[in-house]
Amino acid sequence: MTDTVISTRPLLAVLVSFAAGMLILATGDRRPNLREGWTIAAALIKFGLVVSMIPTVLAGKVITCRLLTLLPGVELVFRVDAFGLLFGVIAATLWIPTSFYSIGYVRTLNEHAQSRYFFAFALCLSSAVGVAFAGNLLTLLICYEVLTIATWPLVIHHEDGAAIMGGRKYLVYTLTAGTGLLLATVVTYSLAGTLDFTPGGFLAGHAPDGLLMLLFVLFIAGFGVKAGIMPFHEWLPTAMVAPTPVSALLHAVAVVKAGVFGCVRVLLFVFGPNLLRELGIWQAMAGVAAFTVVAAGLLALGQDHLKRRLAFSTINNLALILLGVTLLSENAIRGGILHIANHAFMKITLFFCAGAIYAKTHKDHVSQLDGLGRQMPFTFAAFTIAAMGLSGIPPVNGFISKWFLCLGAVQAGELLFLFVILTSAMLDVAFFFPIIFNGFFREPRPDVAPRIDEAPLIMVIPLCATAAFSVLFGIMPDAVLHFFSITTHAVQQVLGG
Amino acid sequence: MKIMPLKMVAFAAVVLTGALLLYGVEDMPAWGDPQSPANTHVSPRYIENAIPDTATPNIVTAVLADYRGYDTLGETTVIFTAGIACLYILRRPRNQRRKERD
Amino acid sequence: MLEYVIAKYNYWVYVILMMIGLYAMMGKRNLVKKLIGMNIFQTSIILFYVSIGVKKGGATVPILEGHGHGGHQAVDVATILNPLPHVLMLTAIVVSIATTGVALAALILIYRRYGTLEEDEIIAARRAAAAPKAKDQAS
Amino acid sequence: MTAQLPALQIAIPLLGAFITPLIGWHRPRLAGLWALAVLAGAAALAVALLMQVTAHGPISYHLGNWAPPWGIAYAVDHLTVLMLLLITGIGLMAFLQARPAVAVSMPGREPYFYTLFLLQVTGLSGIVITGDMFNLFVFLEISSLSGYALIALGEDGAPLATFNYIIIGTVGACFYLLGVGYLYIVTGSLNMADLANLLPALYHSKVVLVAFAFFTVGVAIKMGLFPLHTWMPDAYTTAPAPASALIAPLMTKVAAYVMIRIMFTVFRPEFDIGVIPVATILGWMAVIAILVGGIKALAQTDLKRMLTYIMVAEVGYIVMGISVMNRPGLTGAILHIMNDACMVACLFLVIGALAHKGIPRTISELGSLNRKMPFTMAAFVVAALSMCGLPPACGFFSKWYLVQGTVAAGQWVFAGTLLVSSLINAVLFFRVIEKAYLAPGGGHGHDDQQHDDGHGTANVVRDEAPAAMLAPILIMAALILVLGPFSGTIIDAVISHAVPAAF
């Protein structure tokens with residue numbers, strides 16, 4: 001059906017950041033410039049490797065790299081299809097600005113244990129790309145668990161009481177979820193004898209409906225914890241104790257998206273749209289997602305801590321993605337998958353802004369930001385762009401994905417969920433615009449500098465870049481990284497296969 | 001107070017073990033039955049062939065030192081182990097001995 | 001019932017001996033008594049094995065008298081006791097002695113350290129030694 | 001030469017042990033090097049034997065050229081070589097660390113320690129290599145006696161723990177011997193392969209049932225299966241660190257091997273399932289062992305004692321894998337024997353390094369240990385993550401097979417127990433990791449002043465264990481990471497042949 005290209009590029013893309021992590025540890029705190037050099041070199045190489053796979057995948061081919069046989073019939077295999085590539089490209093692309101931004105951030109704040117920080121960061125990226133390129137459930141599970149563990153040192157980075165508690169909560173949620181996933185994967189393997197992702201699913205006809213539903217719940221709960229689906233969302237706001245670049249890349253892009261990615265893989269590549277329709281379970285799933293969308297939006301309104309507010313916005317958007325995919329209509333799936341990319345660019349901008357504000361002024365509450373826009377206009381401009389995008393205002397990229405989500409809801413004939421998506425957009429406006437308003441139009445507080453006094457350039461440039469890309473992708477969705485084409489390919493694979 | 005239950009548990013366990021062993025005895029061949037499997041399966045060969053195989057009139061010696069000589073090597077090793085173990089445990093290093101004398 | 005017991009009384013004897021030994025090992029608080037129990041226990045098993053080798057009907061010790069001088073004739077198996085259990089038990093006896101030796105060495109070590117071989121007293125002494133240490137750590 | 005490999009596998013460490021004290025009386029240092037060479041030779045032999053068996057299939061070696069069942073035979077199959085490799089390999093690693101440690105902690109006794117160490121390896125190797133039931137008992141006693149002695153000279157409380165271990169260990173060995181006797185009475189044979197042929201006709205004999213019961217109890221004592229584990233925490237906790245790094249990973253695993261041998265070689269699966277519900281009983285005992293081990297471990301403040309209780313749970317894992325009586329379950333059990341031996345060895349070697357540096361084992365006093373001993377702690381983390389069943393460490397894969405086995409058997413409670421237990425392990429180990437890696441007291445956050453390098457703990461100086469002690473730790477940690485992804489290969493090449501064809 002699809003041509004397969006054998007190549008080690010997926011493996012190299014995974015390993016390059018792992019190798020960088022080892023080099024970072026070996027270099028240590030004594031030579032920080034060399035150490036950061038490794039990070040940036042790895043980020044660039046990884047980006048090159050991942051992007052080099054785009055033309056192949058757009059030509060309708062699948063890039064495969066088989067390594068070891070783990071179980072009879074199950075290999076450790078990296079297999080790059082359109083959907084996986086999308087996530088891989090996002091993670092690899094956003095690692096570059098985050099690397100620069102991180103360096104600025106930790107040096108400005110003079111953070112401790114920087115080697116550990118960069119090591120864990122590189123390891124996270126390795127495993128996130130591993131999740132993206134995993135060719136079967138077991139490989140996915142392995143990378144996913146590595147990601148879980150690699151994130152922990154970042155969450156507890158500050159080593160104070162709040163960080164340790166946040167870390168514990170994070171571990172309790174994610175490790176329990178991982179255990180559930182293990183059970184679900186084992187049962188799937190016992191039933192089907194295979195774990196290879198197949199567009200359109202492979203599980204149909206292997207078990208009675210009741211068992212399949214149970215399996216579905218286990219899978220969605222397992223991946224849903226990282227995706228922040230309610231009621232499993234609680235760890236995410238708590239984990240905001242982590243340094244901001246961590247929140248930016250991991251809690252907006254890599255880790256939580258790995259959860260969403262896993263959910264989508266299970267929905268579309270393990271169960272498959274047809275089986276989900278037969279079981280009728282998609283409605284329950286969509287209901288949970290819709291509830292999360294609205295509830296997270298409402299909860300975000302009540303947060304004064306900027307990063308916590310962003311965290312709830314993340315929960316809201318992740319649920320939106322899942323809602324789109326669960327609606328199972330062509331446009332809804334396209335909107336959901338596209339939103340993975342679009343949300344990543346917008347949310348990382350927002351976190352970058354929050355971090356820049358904190359690094360410069362040590363302010364992290366919404367109510368403290370009065371008039372700060374005059375001191376940090378670039379930061380606030382970027383923030384505004386990203387916030388507009390998340391609210392679905394053109395010409396930012398968020399508009400495109402929300403548009404398709406709405407179309408998809410109509411296509412599926414689910415007007416209730418259309419209403420949910422629109423409500424969510426309004427909630428976005430409601431919790432973002434006070435921040436912008438405070439920043440630009442409120443009377444400045446006495447401690448705000450009257451002149452432009454931004455965070456270091458190494459932090460401002462990345463955040464402006466990601467904001468600019470958000471706009472670019474809003475105007476030309478297929479520019480540079482071909483997100484739109486890749487998404488179309490993924491949708492065709494799932495629905496056509 | 002505390003000793004009573006321990007003794008009760010010990011007694012119960014012992015009775016249980018004994019009962020189990022006697023339960024097995026029921027299916028055993030009668031004592032001294034020359035036709036029991038133990039007396040007919042492996043051992044006749046020792047008795048019949050001890051002389052031609054080993055030229056040793058004492059069959060026990062023949063088995064001990066030849067047919068199952070490897071067990072005897074193990075047996076010797078057990079003794080050696082016990083000897084080394086006692087040396088290891090009970091030997092007091094010279095300086096410690098001196099200290100105790102003072 | 002009685003007949004049944006008599007027909008296999010060797011087994012009954014060994015089981016009873018073994019129960020005595022096992023009870024001493026589990027129920028006694030004096031370490032030497034435990035050790036003695038262990039010896040009784042092991043001896044009972046040795047008796048059990050040796051009794052397996054018995055053949056009724058005139059069988060004798062497994063030494064072939066008059067067979068040792070070159071030429072040999074066929075041996076009637078029924079006249080000779082089963083030698084294998086004897087061999088096994090020679091090894092088991094040695095094992096039992098070795099174990100006893102190591103156990104006695106351990107007992108000497110215990111006596112040197114605590115000056116007693118009553119388990120309760122040793123535990124009490126250890127607890128008393130541990131208590132002030134814990135208090136030090138707490139303060 | 002290659003035909004004599006099985007004999008050499010035992011002869012080399014055995015003769016090495018005989019010679020060690022002779023050398024040691026004159027030159028204690030030389031005795032250490034000698035023992036090291038002997039162990040390295042034994043490990044090399046195990047590798048050679050592994051290659052031979054994987055290439056040409058199982059070997060039956062007749063000692064003294066007496067054909068079984070009259071003589072004693074070695075039965076060297078895939079499971080055997082795996083265990084031999086494990087025993088000699090971990091023995092070698094433990095010895096690498098023990099040599100410098102013993103020189104410091106027990107001067108004047110080193111040659112005896114080395115001798116007993118070699119005897120322990122000999123005994124364990126003999127247990128796994130032999131194909132004769134009684135011969136197994138003899139080697140069991142060699143390993144037990146040397147084990148008692150090695151444990152006896154530990155910290156306060158060790159002699160009493162040793163004595164109790166001697167008593168209960170002797171009960172275990174004697175129960176095993178009784179089982180052998182009962183089988184001998186009804187079959188007249190001591191050879192495992194011969195027994196396997198004779199027994200099916202007798203499966204319903206009460207004698208055989210009782211024999212099986214006594215085998216199981218005897219072996220369960222040796223492997224520390226709940227509720228017969230009571231000797232284990234005391235004995236292993238109080239044992240001197242160099243000794244526990246050898247005995248703790250291996251003794252329980254070898255006993256588990258004996259259990260597998262008896263259940264699947266001497267007896268057939270039909271007996272284990274059909275005649276008496278031993279599988280079910282063992283399975284539920286394993287459930288209790290896993291839960292009780294985990295809960296007791298939670299209650300410990302002493303790191304080493306915590307590990308021993310975790311071992312109680314890990315034994316439960318293995319027994320559970322055996323008890324479900326299917327291919328994935330038994331594969332998982334054998335894989336876990338290997339993986340758990342490596343993990344426990346790594347953890348106890350870490351304990352050894354801590355002991356050598358005089359660091360107290362109380363968990364609450366481990367603060368900032370990662371700064372003091374970064375490599376040791378990194379290895380600890382690897383082993384700990386493996387214990388929690390997190391990929392890509394090897395613990396994940398054995399857990400996978402075990403869960404698969406329980407699911408295939410429809411034993412959802414068992415599967416749930418395994419999963420809950422890995423969460424308990426996560427709590428246990430992250431408690432330690434948190435303590436060791438995070439700044440004591442915490443609360444430093446963002447005070448800009450003292451961040452230059454030390455982050456408030458600048459006074460902690462790196463004080464890593466000497467390279468000779470660190471090397472085995474790091475090797476074991478690397479092995480834990482490597483064995484995981486390669487478990488598929490290992491199962492294909494070795495373990496799949498060890499599972500009865502009936503599964």
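All chains are named by letter (A, B, ...) in the order of the sequence lines, taking the proteins before the strands, and each is independently numbered beginning at 1.
- Each of Met26(C), Lys34(C), Arg113(C), Gln42(C) has some count of heavy-atom pairs under 4.5 Å with chain D, and the biggest count is that of Arg113(C).
- Of the two parts of Leu88(C), the backbone and the side chain both hold a non-hydrogen atom closer than 4.5 Å to a non-hydrogen atom of chain D.
- Interface residues of residues 166-174 of chain D toward chain C, defined by a heavy-atom distance below 4.5 Å and sorted by number: Ile166(D), Ile167(D), Thr170(D), Val171(D), Cys174(D).
- Atom CD1 in Ile45(C) sits 8.0 Å away from atom CZ in Phe175(D) (nearest 0.5 Å).
- Put simply, the side chain of Tyr148(D) never gets that close to the backbone of Thr99(C): no donor and acceptor are under 3.5 Å apart.
- In this structure, the portion of Met18(C) lying under 4.5 Å from any heavy atom of chain D is its side chain and not its backbone.
- A distance of 6.5 Å separates CG of Leu160(D) from OH of Tyr114(C), quoted to the nearest 0.5 Å.
- For Tyr165(D), no part sits under 4.5 Å from any heavy atom of chain C, backbone or side chain.
- Interface remark: Ile142(D) contributes no atoms to any contact with chain C (heavy atom separation under 4.5 Å).
- Residues Phe48(C) and Tyr182(D) place their aromatic rings such that the two centres sit under 6.0 Å apart.
- Contacts between Leu22(C) and chain D at a heavy-atom distance below 4.5 Å involve the side chain alone, from C-beta outward.
- Neither the backbone nor the side chain of Tyr111(C) comes within less than 4.5 Å of any heavy atom of chain D.
- When heavy atoms are compared at a cutoff of 4.5 Å, Ile52(C) approaches chain D solely by way of its side chain, counted from C-beta outward.
- The CZ atom of Phe134(D) lies 5.0 Å from the CE atom of Met89(C); values are rounded to the nearest 0.5 Å.
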